[in-house]
Amino acid sequence: MQVEQLHALKDWFNQYVKCFYHDDPDVQAGIRLKEEHTRRVCEKILRIADSLNLGTGDLYLAETIALLHDIGRFKQFALYQTFNDRRSENHALLGIRELERSGTLNTLTEEERNLLVKAIEYHNLRTLPPDLPERLSLFSKLIRDADKLDILDMFTRSLSRTHEPGQEQISGLPDTPGYSEVLIRNLMEGELCHYDDMKNLNDRKLLMLSWVYDLNFPYSFSEVTRNGYIEKIVSCLPETGDIQKVYGHLRDYITRKLAR
Ligand SMILES: [Fe+2]
């Protein structure tokens, strides 16, 4: 990919998003939230890609995937006033339909287009399909890590802002005591937690911890450590033996990943 193509796609993105700007401050805040998320995911994917010494063309492609990975969020919010895919529709597929309708990907080669579309389609799956071709696997993992790092960052920031309606309203989960045992079991077995198992906000925090098991690159693990995401989440969970065990387990996992 060439830098001119990336610039043209950035221009298209800016124009496209502006169509969703709104006088209603709540709607506008939702649009801005995803615009800012996109900007940060672009920065993060470049840092991860850089740590892998990817070539310039691949850096542009990675940045393009980050730029467009959540393009469906804008129409999703306009149509349904929610970012919850379960209460609306899959935002990745909605985004791909918008991209195909616009014709904005026409300047890319077929290989680049396929990589971009598939990486977007896979970015919000619980797990990646097995046996992906090498380059598709690489770009899919890049966007998944960059996206997760930013969401972990937003989530841990929201935990420290108690005055905001924030999490309870966003997730629709009650802020009740305790947590569900099944999520603790998942975490101790090194598995991702399931959205369907979440019953309260503590479960949501446990699910976010389990994302560590779905990170792929040493850079991502070092970012989790550097920013103290695990510690920030654990400090907002009940002080029980279970949680301490989960914390130790996650720390050991990250240490092993970083030692490789
Ligand atoms: Fe997304």
Side-chain angles (χ1 to χ4, degrees), residues 9-10 12-14 16-17 20 27 29-49 61-102 104-105 113 115-129 132 136-158 166-167 170-172 192-196 198 204 207-208 210-217 220 223-224 229:
L9 285 163
K10 282 186 179 175
W12 177 84
F13 175 90
N14 291 333
Y16 178 84
V17 172
F20 294 93
V27 178
I31 300 299
R32 293 294 293 178
L33 183 81
K34 290 300 172 186
E35 211 180 351
E36 294 294 305
H37 166 67
T38 296
R39 189 182 50 72
R40 292 188 307 261
V41 174
C42 285
E43 290 168 10
K44 289 182 161 70
I45 207 167
L46 280 179
R47 294 211 195 97
I48 305 171
L61 181 57
E63 189 174 352
T64 305
I65 291 168
L67 178 73
L68 301 176
H69 83 284
D70 261 355
I71 198 74
R73 286 300 195 188
F74 303 100
K75 191 157 187 182
Q76 180 185 42
F77 204 64
L79 287 176
Y80 308 101
Q81 291 81 51
T82 180
F83 293 125
N84 187 323
D85 283 15
R86 286 137 189 274
R87 288 189 224 139
S88 55
E89 62 176 299
N90 182 329
H91 71 276
L93 299 180
L94 174 59
I96 291 167
R97 285 205 307 280
E98 287 294 281
L99 290 173
E100 283 171 350
R101 203 170 55 82
S102 72
T104 191
L105 304 180
R113 228 173 18 243
L115 285 171
L116 180 133
V117 167
K118 282 287 166 196
I120 293 177
E121 180 182 340
Y122 295 159
H123 93 271
N124 62 338
L125 293 184
R126 183 166 179 272
T127 51
L128 278 177
L132 291 181
L136 178 54
S137 171
L138 169 69
F139 286 101
S140 301
K141 287 174 178 171
L142 281 170
I143 185 59
R144 287 169 69 91
D145 275 29
D147 196 24
K148 284 197 172 70
L149 286 177
D150 193 58
I151 297 172
L152 276 167
D153 200 65
M154 283 195 285
F155 184 75
T156 50
R157 282 175 201 277
S158 76
Q167 287 308 314
I170 292 165
S171 64
L192 273 175
C193 299
H194 291 264
Y195 279 89
D196 288 337
M198 296 190 303
R204 169 89 205 167
L207 183 134
M208 296 300 287
S210 79
W211 278 11
V212 166
Y213 298 131
D214 194 38
L215 293 175
N216 298 285
F217 302 108
S220 309
E223 279 297 283
V224 168
Y229 294 142

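Atoms within a ligand are numbered from 1 in the order they appear, just like the ligands themselves. Just so it is clear, the model here is predicted, and its values are computed rather than measured.
- Remark: side-chain polar atoms of Arg73 are paired, donor with acceptor, to backbone N or O of Phe83 under 3.5 angstrom.
- When the salt bridge (charged side-chain N to carboxylate O under 4.0 Å, His left out) test is applied to Arg39, the partners found at least two apart in sequence or on another chain are Glu36, Glu43.
- When the side-chain hydrogen bond (donor to acceptor under 3.5 Å, both in side chains) test is applied to Thr64, no partner is found at least two apart in sequence or on another chain.
- Looking only at atom types and distance, the side chain of Asn90 has no donor-acceptor partner in the side chain of Glu121 under 3.5 Å away.
- Between Leu93 and Ile120 the shortest side-chain heavy-atom distance does not fall below 4.5 Å.
- Every residue meeting the side-chain contact (heavy atoms from CB on, under 4.5 Å) condition with Lys75, not counting sequence neighbours, appears here in chain and number order: Tyr16, Phe20, Leu79, Leu94, Glu98, Arg101.
- Within the protein, the number of N/O/S atoms found under 2.8 Å from the Fe ion (ligand 1) is 3.
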